[in-house]
> 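Got a structure for you, questions after.
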Amino acid sequence: MSDNKSGPKNGPKTNNAGRAAILGAIRQSLGRPELSTDAKRGLNEHIAKHRANLVPARGKGDRAALIKRFREMAEAVSCTVETVADAAHLPAAVADYLRANNLPTQVTLAPDEWLAGLDWEGQSLLETKSGAAGIDDLVSVTPAFAGVAETGTLVALSGAGHPTTLNFVPDYHVVALPTSQIVGAYEEVWAKLRKANKVGRGFTMPRNVNMITGPSRTADIALTIELGAHGPRSLHIVLIDDETAGETDGETEQA
Amino acid sequence: MANDKSKTPINVGLFATCLVDLFRPTVGFAAARLIEAAGCAVHVPEQTCCGQPAYNSGDSRHARQIARQVIESFEIYDYVVVPSGSCGGMIAVHYPDLFADDPDWNRRARALAAKTFELTTFLADVMKIDAAEAISAAHDGTATYHDACAGLRELGVRDQPRELLAGVKDLALVEMDDTEACCGFGGTFCVKYGEISTDIVSRKTAEVVKTGADLLLAGDLGCLLNIAGRLKREGSSVQVRHVAEVLAGMTGEVPPIGEIGSERGGENNGKKDGN
Amino acid sequence: MEFMKPGAFKDNARAALADQDLRSAMTMLSTGMIPNRQGAVDRLPEFEKLSQRGRELKDHVLAHLDFYLERFERNCKAAGGHVHWCATAEDARREVLEICRSVDAKTVTKGKSMIAEEIHLNEFLEQHHIEPIETDLGEYIIQLAEEPPSHIIGPAIHKTKDQVSDLFLKHHAKLGRTERQTEPQKLVNEAREILRQKYFDADVGITGANYLIAETGSSIIVTNEGNGDLTQTLPKIHIVVTSLEKVVPTLEDATTFLRILARSATGQEFSAYTTISTGPRQDGDMDGPEEYHVILLDNGRSAMLGSEVQDMLRCIRCGACMNHCPVYQSVGGHTYGTVYVGPMGAVLSPALLGVAETKHLPCASTLCGRCEEVCPVSIPLPRLLRQWRQRAFEAGDVPSLERWGLSVWAFFAKRPWLYGLGARLAMRGLAYLGRDRGRMRKLWFAGGWTDGRDLPAPEGQTFQERWRKQQRERAAS
């Protein structure tokens, strides 16, 4: 990690006495002093290499298999999934989805450049605004950083283009995901993230990495599963087929 | 394994367990008959208990004293066979732990542990007997089998008794739901926490009754006394026996656990004595 | 409902066994959770290997805990967060209070956190005029009921739907909700609507953490409802209350645990929300907290390192051990009288609270071993329970009657001849008592047994007696 912050603001002071006491107690129990520089080097290497431990077979496969698995796994956790041929069709797909399901048509869009660049005005049904979610917002449309086939999980990164509240406050969440963003296993997301947020030799984490697998749910009342506990009641995924559309592009991208 | 051609017989020390010694001698004789049928010579050295009550109560000192006694009495045999997964597990799994800080006894404990087997695993895995041929027992009825915990989880007793029972003529085996759930016996637990134990065994008897079987089998007498005691208290007609009794064809020699006489209601059979 | 101490385990158990609502709730637990977990495990062929790797990783971290915690701290600070090292529960409560006071907090929303339960944070905040609002539905229910959690992942698992209906009517009527809801969906909705505004109004949001990542200085929460995310995103300050052993080296290492956690806990492939949080909101962010604090609690854990119960520090709090525990299924979590319940609680509580206070807990187990069998990080729970029993025995914390009984029994067990004599006499006596029915309904010295079960009568002679007789006869013939 590189320090992208000016450091702690006027919060409470670090409890130095507690810190020394705890680290001392740990070392005493382990029966050794602070680790030597050599020993630390090995551990630093473990972190620096951040190797994957074991990736299940279900996280592997060719593009078609992974996309199919992503879709099946997402549907298994009560997502609805549709595919459109390219991003230009997204506003219409959102409008159709909301209409077909009798849902509100006031939509809060993630302030994301790509999403904002689409023709939302063309959908007369939709009333769109952009920004973080307020308490009265009912529908959000957001992008996602990745989709993970092994469990049908969406990964969203917080940032200027994607306020975290959009994932949790509105009742209905629509996520637009180009199929090229679908990977097999979680580890591939970390690799993508390290690359996208690279700073010097390290990388920065966004405030939130949200891994979202289906709409909000609870089984806290009599072990009955109910959707929409505190977060979205439904999660609709619009896959944008950006791999087969421009065939040559798609193929080179996969390499 | 190597029993067929070798001249010297395989000498098996039978550790009957204190519950069998005290409550159900027939299980000891059934085990002996089965071990002999597998081509081994059976020896019963003087014995008391495996020490588990002390071990599980945190009294390691007494547990070690008793363990030494068992090791001394049994280490001369080729195998030690125990008609109980619980006591078998005590010897095969926990004895070495008891002597973790005593290299000499630890070595002896490990040596004994390596040749100690629960009865059905000895027959099926070590001697690899063909149940139908070697035993030729018959029992007309439907049985369900309870997987006693220690045997199942410490010694891997699961398929062996079922394979052997499959060789018993006229016997049908039906599985109960959650057969691997504990019956609530737990050694001294069943007396110290009698009410909880009763509640746990009631779940087990409900599963037993649900199968419609007329016979409950298991490989551990502690569990059997517990389940039989509860079934009888509930007024159930399901009979309860140690798996060895059925395998050895000895069900005619002793009434089911907690019952008297071969006919239910035949309370006036008067004196019964093993042989 | 009053909650007794762990010392009152037996009385608590008696009350629990007589509680019909609890019994019906617990039945659902065992019939639902066991097959759910099994299904999830069966669907992932690599589960065992992942679990083995998870175990190794935890052992690795524990052996280098000082290093990984320091690394976590460094990276957390680099991302703009604060780390508070707290040796005791009291220290942790004080640090939380100080942070809350820095913004004159009136209300605090809370995601589910067992560490917050461990340090009894709600009570403390209330004493200092700060209102804690539990937002996890289960925690919300038990907060209304003024009860502690009875399960580490399903805090209100002991409540039936009808009890929740009554509870909501009682507490929500003053908010204008005067209709008693009976459908789970409507009950969930009612809680959702009532809590919604509270998320936005809270000054501070407190969550726990399933993992801390040394590599990035991040904390992870794994939830299903989304309440934890609303709790940590909307207020000005996000406080993570967590403990030392939650740290893992890298994102990849955390991933291994994520693959086994939900499967072991609820039988899900993955929980609905797995959220990695790093520092406060960043430049350009339109939401998120302005401050991010991590309370790192020791509270007895550093002393467990290097001890016989170190393995317990591998625990990932999935709850599988209690779901599969026959004793827990019978008596529920409140019977334990401790924050952590079931097998993991019976092992952890003596380490946190002392052996004398909790001596019943390690004893109240059949040692059936199912907990160890389903534990995704292979904690040898029965072995650790025995360790505590041994400690209690050695410390003289065992009732004198039991100690005396063991000594008498051992006296005979060590003297086969005396044992044989005593056994022959005793079994003849018992057989005589049971001669009419083959069993006994009542035996004055075995009430623990015969209150609920008959005692099958022995055959009469002992095995060894008959065997020797038979051998003599064989030799003679």
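Chain letters run A, B, ... following the sequence lines, proteins first and then strands; every chain starts at 1.
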> With a sphere of 6.0 Å drawn around CD of C/E183, does it hold more than 12 non-hydrogen atoms of other residues, nucleotides or ligands?
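Atom CD in C/E183 is not crowded, with 12 or fewer foreign heavy atoms closer than 6.0 Å.
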> Using non-hydrogen atoms and a 4.5 Å limit, figure out which bit of C/R71 sits close to chain A: side chain, backbone, both or neither.
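The side chain, not the backbone.
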> Salt bridge (charged side-chain N to carboxylate O under 4.0 Å, His left out) for C/R192 and A/E226? Distances and angles first, verdict last.
CA-CA 12 Å; C/R192 175 189 175 105; A/E226 296 294 345; over 6 Å; no
> Most heavy-atom pairs under 4.5 angstrom with chain A, which of C/P155, C/S302, C/A191, C/G226?
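Looking at each of C/P155, C/S302, C/A191, C/G226 in turn, C/S302 comes out on top.
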> Measure C/F200 against the heavy atoms of chain A and call it side chain, backbone, both or neither at under 4.5 Å.
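For C/F200, the side chain is the part near chain A, not the backbone.
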> Which heavy atom in C/P249 sits nearest to a heavy atom in A/H46, and how many Å separate them?
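Shortest heavy-atom separation between C/P249 and A/H46 comes out as CB-CD2, 3.5 Å.
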> Within a reach of under 6.0 Å around CD of C/Q197, are more than 12 heavy atoms found that belong to other residues, nucleotides or ligands?
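Check passes, neighbour count above 12.
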> Name the member of C/D253, C/I237, C/L57 that forms the most heavy-atom pairs with chain A at distances under 4.5 Å.
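Among the listed options, the one with the most contacts to chain A is C/D253.
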> Given a strict heavy-atom distance threshold of 4.5 Å, which part of A/R194 is in contact with chain C: side chain, backbone, both, or neither?
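Interface part for A/R194: side chain.
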> Specify which of A/L235, A/T165, A/V77, A/L227 makes the most heavy-atom pairs with chain C at under 4.5 Å.
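Among A/L235, A/T165, A/V77, A/L227, the one with the most close pairs to chain C is A/T165.
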> So which part of A/T151 gets closer than 4.5 Å to some heavy atom of chain C, the side chain, the backbone, both or neither?
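For A/T151, the contact with chain C is made by the side chain alone.
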> Given heavy-atom pairs under 4.5 angstrom as the criterion, report whether the side chain, backbone, both or neither of A/P232 touches chain C.
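A/P232 touches chain C through backbone and side-chain heavy atoms alike.
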> To the closest 0.5 Å, what do you measure between CG (C/L251) and CD1 (A/I47)?
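Separation between the atoms: 11.0 Å.
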> Can you tell me which portion of C/R43 sits under 4.5 Å from chain A's heavy atoms? Options are side chain, backbone, both or neither.
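Both backbone and side chain.
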> May I ask you to test the C/I220-A/M211 pair for a side-chain heavy-atom distance under 4.5 Å?
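When only atoms from C-beta onward are counted, A/M211 and C/I220 do not touch, as no gap falls below 4.5 Å.
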> Under 4.5 Å heavy-atom distance to chain C, tell me which part of A/V189 shows up: side chain, backbone, both or neither.
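Contact with chain C: none, neither part.
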> Testing A/I212, A/N167, A/N210 for side chain to side chain contact (heavy atoms under 4.5 Å, CB included) with C/T275, which one passes?
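Passing option: A/N210.
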> To the nearest 0.5 Å, what is the distance between CD (C/E215) and NE2 (A/H50)?
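Rounded to the nearest 0.5 Å, the CD-NE2 separation comes out at 6.0 Å.
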> On a heavy-atom basis, which atom in C/I141 and which in A/D220 lie closest, and how many Å separate them?
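The pair with the smallest heavy-atom distance is CD1-O, 4.1 Å.
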> Chain C heavy atoms under 4.5 Å from A/A57: which part of the residue, side chain, backbone, both or neither?
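Its backbone and side chain both get close to chain C.
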> At what distance, to the nearest 0.5 angstrom, does CD of C/Q310 lie from OG of A/S29?
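C/Q310 CD to A/S29 OG: 9.0 Å, rounded to 0.5 Å.
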> Please determine, among C/R196, C/H60, C/R301, the option with the most heavy-atom pairs under 4.5 Å with chain A.
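The residue among C/R196, C/H60, C/R301 with the greatest pair count is C/R196.
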> What option among A/P56, A/A160, A/A222, A/A25 has the most heavy-atom pairs under 4.5 Å with chain C?
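Between A/P56, A/A160, A/A222, A/A25, the count favours A/P56.
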> What's the separation between atom CZ in C/F67 and atom CG in A/L43, rounded to the nearest 0.5 Å?
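Rounded to the nearest 0.5 Å, the CZ-CG separation comes to 4.5 Å.
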> I'd like to verify something: which residue of C/H64, C/E193, C/H151 has the highest number of heavy-atom pairs under 4.5 Å with chain A?
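Looking at each option in turn, the highest pair count goes to C/H64.
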> Could you state the interatomic distance from CZ (A/R27) to CG (C/L65), rounded to the nearest 0.5 Å?
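These two atoms lie 10.0 Å from each other.
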> Against chain C, label A/T164 side chain, backbone, both or neither, depending on which of its atoms sit under 4.5 Å from a heavy atom there.
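Both parts, backbone and side chain.
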> Could you look at C/L195 and say if it's the side chain, the backbone, both or neither that has a heavy atom under 4.5 Å from chain A?
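Only the side chain of C/L195 comes within 4.5 Å of chain A.
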> Take C/M286 and A/L166, measure what side chain to side chain contact (heavy atoms under 4.5 Å, CB included) needs, and give me the verdict at the end.
CA-CA 11 Å; C/M286 300 171 80; A/L166 290 176; over 6 Å; no
> Which heavy atom of A/R58 sits nearest a heavy atom of C/L44, and at what distance?
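In terms of heavy atoms, the two residues are closest at NE-CD1, 3.7 Å.
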> Determine the minimum heavy-atom distance between A/A132 and C/D287, stating which atoms define it.
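Where A/A132 meets C/D287 most closely, the heavy atoms are CB-OD2, 4.0 Å.
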> Give, as side chain, backbone, both or neither, the part of C/Y199 having an atom under 4.5 angstrom from any heavy atom of chain A.
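Just its side chain gets close to chain A.
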> Of all heavy-atom pairs between A/M205 and C/S218, which one has the smallest distance, and what is that distance?
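Smallest interatomic distance, heavy atoms only, reads CE-OG, 3.9 Å.
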> Contact part of C/S277 toward chain A, heavy-atom cut-off under 4.5 Å: side chain, backbone, both or neither?
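Its backbone and side chain both get close to chain A.
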> Is A/R217 close to chain C through its backbone or its side chain, or both, or neither, when contacts mean heavy atoms under 4.5 Å?
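For A/R217, backbone and side chain are both near chain C.
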> With a 4.5 angstrom heavy-atom cut-off, is it the side chain or the backbone of C/Y292 that approaches chain A, or both, or neither?
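Just the side chain, heavy atoms under 4.5 Å.
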> Quick one: are the ring centres of A/Y186 and C/F270 less than 6.0 Å apart?
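Yes: the rings meet the under 6.0 Å criterion.
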> Under a 4.5 Å cutoff for heavy-atom pairs, which residue among C/G306, C/G279, C/G54 has the most contacts with chain A?
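Among C/G306, C/G279, C/G54, the one with the most close pairs to chain A is C/G279.
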> Would you mind telling me which of C/T250, C/D229, C/I276, C/D285 has the largest number of heavy-atom pairs within less than 4.5 Å of chain A?
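So the answer, after comparing C/T250, C/D229, C/I276, C/D285, is C/I276.
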> Looking at A/P206, A/G161, A/G214, which makes the most heavy-atom pairs under 4.5 Å with chain C?
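Most pairs with chain C among the choices: A/P206.
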> Measure distances from C/Q268 to the heavy atoms of chain A and classify the residue's part below 4.5 Å as side chain, backbone, both or neither.
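Only the side chain of C/Q268 comes within 4.5 Å of chain A.
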> Less than 4.5 Å to any heavy atom of chain C: does that hold for the side chain of A/L154, its backbone, both, or neither?
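For A/L154, there is no contact with chain C at all, as no heavy atom is under 4.5 Å.
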> So which part of C/V188 gets closer than 4.5 Å to some heavy atom of chain A, the side chain, the backbone, both or neither?
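Both parts, backbone and side chain.
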> If we define contacts as heavy-atom pairs under 4.5 Å, which of A/I135, A/L35, A/N44, A/T224 has the most with chain C?
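Winner by heavy-atom pair count: A/I135.
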> Using non-hydrogen atoms only, which part of C/I157 is less than 4.5 Å away from chain A: side chain, backbone, both, or neither?
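Side chain only.
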> Which atom names give the shortest non-hydrogen contact between C/R259 and A/A185, and what distance separates them?
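Minimum heavy-atom separation between C/R259 and A/A185: NH2-CB, 3.8 Å.
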> Please flag which part of C/H158 lies under 4.5 Å from any non-hydrogen atom of chain A: side chain, backbone, both or neither.
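C/H158 has no heavy atom closer than 4.5 Å to chain A.
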> Can you tell me if A/T218 and C/E225 form a side-chain donor-acceptor pair at under 3.5 Å?
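Note: A/T218 and C/E225 side chains meet the donor-acceptor criterion.
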> If I measure from the heavy atoms of chain A, does C/N189 come under 4.5 Å with its side chain, its backbone, both, or neither?
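For C/N189, side-chain heavy atoms alone lie under 4.5 Å from chain A.
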> Please classify the contact of A/D136 with chain C as side chain, backbone, both or neither, using a heavy-atom distance under 4.5 Å.
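Contact with chain C involves no heavy atom of A/D136 at all.
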> Between C/L69 and chain A, with a heavy-atom cut-off of 4.5 Å, which part of the residue counts as in contact: side chain, backbone, both or neither?
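C/L69 touches chain A through side-chain heavy atoms alone.
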> Check whether C/Q232 gets within reach of chain A through its side chain, its backbone, both or neither, counting any heavy atom under 4.5 Å.
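Answer is both: backbone and side chain atoms of C/Q232 are under 4.5 Å from chain A.
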> Is the number of heavy atoms from other residues, nucleotides or ligands under 6.0 Å of C/K186 NZ greater than 12?
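Counting neighbours around NZ of C/K186, 12 or fewer heavy atoms of other residues, nucleotides or ligands fall under 6.0 Å, so no.
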> Side chains of A/R19 and C/E70: closer than 4.5 Å at any heavy-atom pair?
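Of all side-chain heavy-atom pairs linking C/E70 with A/R19, at least one is under 4.5 Å.
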> Are C/T255 and A/N53 close enough that some pair of their side-chain heavy atoms sits under 4.5 Å apart?
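Counting from C-beta outward, C/T255 and A/N53 never come under 4.5 Å.
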> Which value, rounded to the nearest 0.5 Å, describes the distance between A/L54 atom CG and C/E46 atom CD?
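If I round to the nearest 0.5 Å, the distance is 6.0 Å.
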> Could you check if a side-chain atom of A/L23 sits within less than 4.5 angstrom of a side-chain atom of C/W85, using non-hydrogen atoms only?
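The answer is yes; the side chains approach within 4.5 Å.
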> Is A/E34 in contact with chain C via its backbone, its side chain, both, or neither, using a 4.5 Å heavy-atom distance?
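Contact with chain C: backbone and side chain both.
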